[in-house]
Amino acid sequence: MATQADVRRIALSLPGAEEGKDRFVFFVRDKGKPKGFAWVWLERHEGQKARVPNSGVLAVRVTNNAQKDLILASNKRKFFTEDHYNGYPAILVRLKEVTMADLRVLLEEAWRCRAPKDLLKALR
């Protein structure tokens, strides 16, 4: 079982990773622009009302939609998606279902998707 504190610790251990100020989001800068690699899921509860942060679910960037499909098929308890993410390379992760090893791999791979070349070298 992972927590937001675990997410924060792992994400911020990655080279150049930063945490957003206004919500639970982690990004790396590429040419000065923030590129998100993990963020709290904003769940829609009723119709068209505003989305609400769900602290038990993390959205994580993946390389492409083929990888997304593989991960989603691997374990429906841990990973899922919603219509909002159709066609977008990101998965939703239930934190209470993933191990720390799962979380580390997911966050490192998400970071790799967004990090510029100079930072990628730093993690090798």
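Quick caveat, the model's predicted, so the values are computed rather than measured.
The two residues Ala17 and Ala11 make their nearest non-hydrogen contact at CB-O, 3.0 Å. The two atoms that bring Leu72 and Phe79 nearest to each other are CD2-C, 3.9 Å, heavy atoms only. Contact detail for Arg114 and Gly36: the closest heavy-atom pair is NE-O, 3.2 Å. A pairwise comparison of heavy atoms in Ala90 and Thr81 identifies O-OG1, 4.5 Å as the closest pair. Contact record, Glu19 with Leu12: N-CD2, 3.9 Å, taken as the closest heavy-atom pair. Contact between Leu95 and Thr3 at its shortest, heavy atoms only, is CD1-C, 4.1 Å.
In this structure, Asp30 contributes its side chain and Lys33 its backbone to no donor-acceptor pair below 3.5 Å. At least one donor-acceptor pair under 3.5 Å links the side chain of Trp111 to the backbone N or O of Pro15. Side chain of Arg94 to main chain of Lys76: a donor-acceptor pair is present (N/O by atom type, distance under 3.5 Å, no hydrogens or angles).
Counting only residues at least two apart or on different chains, no salt bridge (charged side-chain N to carboxylate O under 4.0 Å, His left out) pair has a member in residues 59-68.
Scanning for side chain to side chain contact (heavy atoms under 4.5 Å, CB included) contacts around Met100 gives Ala2, Asp6, Arg9, Ile10, with sequence neighbours left out. Among residues two or more places apart in sequence or in another chain, the side chain to side chain contact (heavy atoms under 4.5 Å, CB included) test is passed with Glu109 by Val105, Arg112.
Clustering ILVMFWY residues whenever any of their side-chain heavy atoms sit less than 4.5 angstrom apart, transitively, puts Val40 in the very cluster that holds Leu106.
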I'd like to know whether Arg44 forms a side-chain hydrogen bond (donor to acceptor under 3.5 Å, both in side chains) with His84, so could you lay out the CA-CA distance, the side-chain angles of the two residues, the decisive distance to 0.1 Å, and finally the verdict. CA-CA 10 Å; Arg44 188 175 307 277; His84 180 75; 5.9 Å; no
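Taking the centre of each ring, Trp41 and Phe80 come in below the 6.0 Å mark.
Salt bridge annotation for Glu18-Arg29: present, with a cationic side-chain nitrogen under 4.0 angstrom from a carboxylate oxygen.
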